[in-house]
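Counting convention: from 1, in listed order, for ligands and their atoms alike. FYI, the numbering just counts along the sequence from 1. Just so you know, these numbers come straight off a predicted model, no measurement behind them.
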Amino acid sequence: MLQQTQVKTVLPYFKIFLLHFPSLESLSRTNERKVLKLWEGLGYYRRARNLLATAKILVKKNNSKLPKKIIDIKKLPGIGDYTANALLAYIHNQPTIAIDGNVKRVFSRILNKSENKIDFNKLIENNKKFLFRTTRHSDFVEAIMEFGALICKPKQPECFKCNIKTTCEYFKSDKKFKKSKRTPLKEKNYNVFCYIDKQKKKIALTKKHDLGFLDKFYLPPIKEATIKNKIKNWNFHSSFKNFISNKKLNINLYYKFSSKLPLQLQWFSLKRNNEFIPSFTKKVFKQILDIN
Ligand code: SF4
């Protein structure tokens, strides 16, 4: 849940999730629909699917235990370097560091070097003896991340409170390194087409679309567009921006009233749904609720 998402956003979801699935076994016995419903609003739904698939694999094939080798952990669905290292430290107390944005920033400041000039894996490997002097590896990996989040913050680090300032090159130097520029978000334009049953307050959705990152989720028909232009037989409603994963979507919303359901689409209530609906679709619902 915490991948790409802040702790304060995750907390209420996490508590409810644990009430439903207090153990790996209970999670492994459920289905995707239930997991997605509890994840609704958190985004990055592939995480939920991968978590469920991993729980099923571990319970079925690994006696409900997490493997102890990084190579085996990385074979589990959706687990890359970062998560594998975090799990090794948290669960097996192994000496390792999960390199996230906070950790990169801390190291790059200590060395007073831009992040893209550092090979973090090599740096950790070469400084193993110094870094892993503790036996509390699980606490250590968490501590570095927290240190980055609370003290060596992205903007205005709290250097005067910092207990490693005397060895920090960034703090000591008059010539502080310049941060590398962020890569701009990928931007794409889409036309979204809403068939609305005005009387029953319903909208037609489909799972058949080309939006890979919302694969297998219900959306109104959607098509990539080059420019915003008038579309025959459709009413233009509005344009809005939506951010999903690391993408910026420029959406042009079109609608038409229809009580006949087009092929491959399903009616959904604009107000109440037991089915999982991604936030993007909910945003479309909100936009078109005012149509009379
Ligand atoms: S002295 Fe400042 S820049 Fe250096 S590690 Fe501490 S908080 Fe970060």
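Lys176 forms a cation-pi arrangement with Tyr170, by the criterion of a distance under 6.0 Å to the ring centre and an angle within 45° of the ring axis.
In this structure, Glu115 does not pair ionically with Lys104, as no charged nitrogen and carboxylate oxygen lie closer than 4.0 Å.
The nearest N, O or S atom of Cys152 is not closer to atom 2 (Fe) of ligand 1 than 2.8 Å. When distances to atom 6 (Fe) of ligand 1 are checked against a cut-off of 2.8 Å, Cys159 contributes no N, O or S atom below that limit.
Distances below 4.0 Å separate heavy atoms of Arg109 from the following atoms of ligand 1: 3 (S). Each of the atoms 3 (S) of ligand 1 lies under 4.0 Å from some heavy atom of Tyr170. Close contacts of ligand 1 with Lys165, meaning ligand atoms under 4.0 Å from a residue heavy atom, involve 1 (S). For ligand 1, the atoms closer than 4.0 angstrom to any heavy atom of Phe171 are 1 (S).
At the shortest separation from atom 4 (Fe) of ligand 1 among protein heavy atoms lies Cys168 SG, 2.3 Å. Of the protein's non-hydrogen atoms, the one nearest atom 6 (Fe) of ligand 1 is Cys162 SG, 2.4 Å.
Relative ring orientation between Phe268 and Tyr218 is described as tilted, the plane-to-plane angle lying within the 30° to 60° band.
Residues Phe132 and Ile124 are in side-chain contact: their nearest non-hydrogen atoms beyond the backbone lie under 4.5 Å apart. Within the 4.5 Å cutoff, the side chain of Leu2 has heavy atoms near those of the Val7 side chain.
Between Phe193 and Tyr255, the gap from one ring centroid to the other reaches at least 6.0 Å.
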